[in-house]
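Notes follow the structure.
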Amino acid sequence: MTTLHPVLIVDDDEDIRESMMDFLQDHGYAPVGATNGKDALEKLAGGLREPCVIIMDLMMPVMDGLTFRDEQLRHPDLARIPVIVVSAFREAAAVVQDMDCAGLIAKPLDLDELLRVVRGLCSAA
Amino acid sequence: MDCLGREKRRQNTHKTLRGIAEMTTSQRSACVPVRLTTKELLPNRQSERLLRITAAIADAVKREEVFEAVVDEVGAALGALTAALWMLRGETSTLDLARAHGDEDASRHRYEHLSLDGPPLPPTDAIRRSAPLWISSQEQLLAEYPHLAGTVTPGATYRIACLPVVTARKTVGVLVFTFDTTGSWGSDDDRSLLLLVVRYAGQALELLLLLEAEKVSRANTLRLNEMLTGMLGHDLRNPLAAIITSTRLAQMRTEDERVGKPLSRIISSSARMGRMIDQLLDFTRVRLGAGMTLRRDRVALTPLVRQVMDELDDAHPAWTLRLEEHGDTHGTWDGDRLAQVFSNLVANGLQHGSAEGGLTVTIDGAAADRVRVEVRNRGAIPDDLLPAIFEPLAGRSRRLAGSRGLGLGLFITNEIVRAHGGGIVVTSRDGDTSFAVTLPREQGAELR
């Protein structure tokens with residue numbers, strides 16, 4: 001039996017989060033959703049199987065993407081998980097530059113690009 | 001202010017002169033206790049002085065002009081040795097020297113800011129008391145303000161008038177004049193003239209303050225509107241992203257063409273809405289003074305333009321698109337932003353031009369310091385639209401045939417090119433239209 005790659009999707013917009021989860025599920029992944037950075041950290045600490053990639057929005061309530069990334073990099077066990085930022089923020093590229101992320105995909109999402117990036121990162125995991 | 005406005009103010013000024021006596025007797029701080037006629041109040045010389053003063057004030061439009069008229073012109077017309085105006089800073093107890101005439105620089109510097117809570121001084125006392133303060137000599141000055149002994153030239157002869165400037169609502173400042181000692185404050189005419197002048201100055205300053213407050217309020221409202229537009233634009237992107245992602249997902253899950261076609265329409269319309277939101281956000285950034293943010297990198301223009309043309313070519317099968325290039329087409333630019341520029345210009349040509357002549361993009365990299373890209377097609381831009389073609393909403397009012405955007409595309413295109421230090425020249429004659437973009441190859445290079 002093939003084990004599906006887990007993917008953690010962190011976005012406060014339920015519609016976007018769920019549509020990305022649906023899409024990745026259709027393509028053979030095991031997506032898990034989190035509503036903000038804090039929720040994602042709790043899920044990662046709570047026994048979630050290590051995802052091959054974290055797909056994350058930047059601007060979220062409670063804990064934004066930047067803070068999440070800082071926290072993630074402080075934990076040696078989590079730091080190695082690649083992060084892809086998905087953002088509707090036009091100037092996101094300048095922000096992401098300092099976050100040492102695996103990629104940036106602008107919203108509205110190009111699903112083909114998303115799939116290509118996820119495939120690349122998950123096959124390497 | 002236009003000429004008509006100034007003329008109207010002049011006419012009002014003369015009406016004011018006719019009503020001088022009534023105004024004087026009714027004013028709050030006037031010390032003329034009885035109603036006087038204009039003739040009684042104003043001998044010819046005073047009338048001439050007032051005419052000169054009121055004309056100068058009526059002509060003043062900008063803040064500096066009003067201050068200059070109220071201080072310099074009024075002081076000169078009254079024959080004052082020095083004249084100065086302090087204005088109250090908002091609702092604080094601080095007075096700022098707005099303008100001074102005839103004083104030495106050192107003296108101006110010393111009295112640039114006065115405090116109503118500080119040591120007593122003639123100007124601050126006049127404001128505190130809301131009444132004119134008349135000082136007939138240096139002796140009187142030092143008798144009432146002995147702490148000023150070290151700051152005055154001993155034995156100098158002058159008289160001082162400190163006159164609060166009271167508008168309809170409140171005291172806004174104080175005018176201070178010094179005169180030689182040939183006259184005295186004993187004459188009611190002298191005092192009445194000064195009080196009248198300061199009242200008129202108060203009216204001019206009140207108008208100025210009202211106009212400035214209105215201007216600030218308008219600018220704040222505009223800024224708020226634009227910030228809201230920006231926030232709305234940003235927030236619309238998330239639901240739009242959800243629509244597009246979900247529709248794409250539905251498309252992938254169905255092979256039924258009857259379902260697939262409407263899903264395609266949802267995606268293309270959503271994408272168009274996304275472009276409008278992008279334009280709105282760019283427009284807001286420029287309007288708020290943030291300008292275009294560029295991420296410069298080494299860019300080869302030919303493949304970039306070719307990709308843009310290929311994308312548009314698919315959607316316009318009736319058109320023949322040609323790309324010509326020569327020379328070195330590399331430079332340090334923001335590739336994504338330039339793709340937006342050429343996508344806008346080519347799409348603009350396809351929307352408004354005629355397919356018969358096709359569309360040609362020529363990239364000229366012959367010059368060492370710049371690259372020129374021309375987008376040329378058959379089609380004419382109306383003469384009256386041409387000078388304002390890069391203005392926001394330029395083509396919007398006439399809803400040019402085929403136009404489906406917000407009317408911000410060319411404005412943003414021009415702003416991106418300007419942010420690169422370049423320029424666009426548009427020509428439209430003999431049925432041919434050309435947009436020629438010139439880009440300096442490197443950041444900071446100036447085009448001549």
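Proteins get letters first, then strands, A, B, ... in listed order; numbering begins at 1 in each. From a predicted model like this one, the values you see are computed outputs, not experimental measurements.
Heavy-atom contacts from other residues, nucleotides or ligands closer than 6.0 Å to CG of B:Asp336 number 12 or fewer. More than 12 heavy atoms of other residues, nucleotides or ligands lie within 6.0 Å of CZ in B:Arg298, so this atom counts as buried by the packing criterion. Under a cut-off of 6.0 angstrom, the local environment of NZ in A:Lys43 is crowded, with over 12 non-hydrogen atoms contributed by other residues, nucleotides or ligands. Remark: B:Gln307 CD is loosely packed, at most 12 non-hydrogen atoms of other residues, nucleotides or ligands lying under 6.0 Å away.
Of all the heavy atoms in B:Thr245 and A:Met20, the pair that sits closest is CG2-N, 4.4 Å. The two residues A:Asp13 and B:Pro239 have their closest heavy-atom pair at OD2-N, 4.3 Å. Contact between A:Pro108 and B:Ala241 at its shortest, heavy atoms only, is CA-CB, 3.7 Å.
When side chains are defined from C-beta on, A:Leu111 does not count as touching B:Gln251, because their heavy atoms never get closer than 4.5 Å.
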Output, in order, the C-alpha distance, side-chain angles, deciding distance and verdict of side-chain contact (heavy atoms from CB on, under 4.5 Å) for A:Asp22 and B:Arg253. CA-CA 11 Å; A:Asp22 282 354; B:Arg253 285 177 175 177; 3.7 Å; yes
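When each of B:Arg248, B:Met252, B:Arg295 is checked for heavy-atom pairs under 4.5 Å with chain A, B:Arg295 comes out on top. Contact tally against chain B (heavy-atom pairs below 4.5 Å) for A:Asp15, A:Ile16, A:Asp110: the top residue is A:Ile16.
Looking at B:Leu249, the atoms closer than 4.5 Å to chain A (heavy atoms on both sides) sit in the backbone and in the side chain alike. For chain B, no part of A:Asp12 is nearby; none of its heavy atoms comes within less than 4.5 Å.
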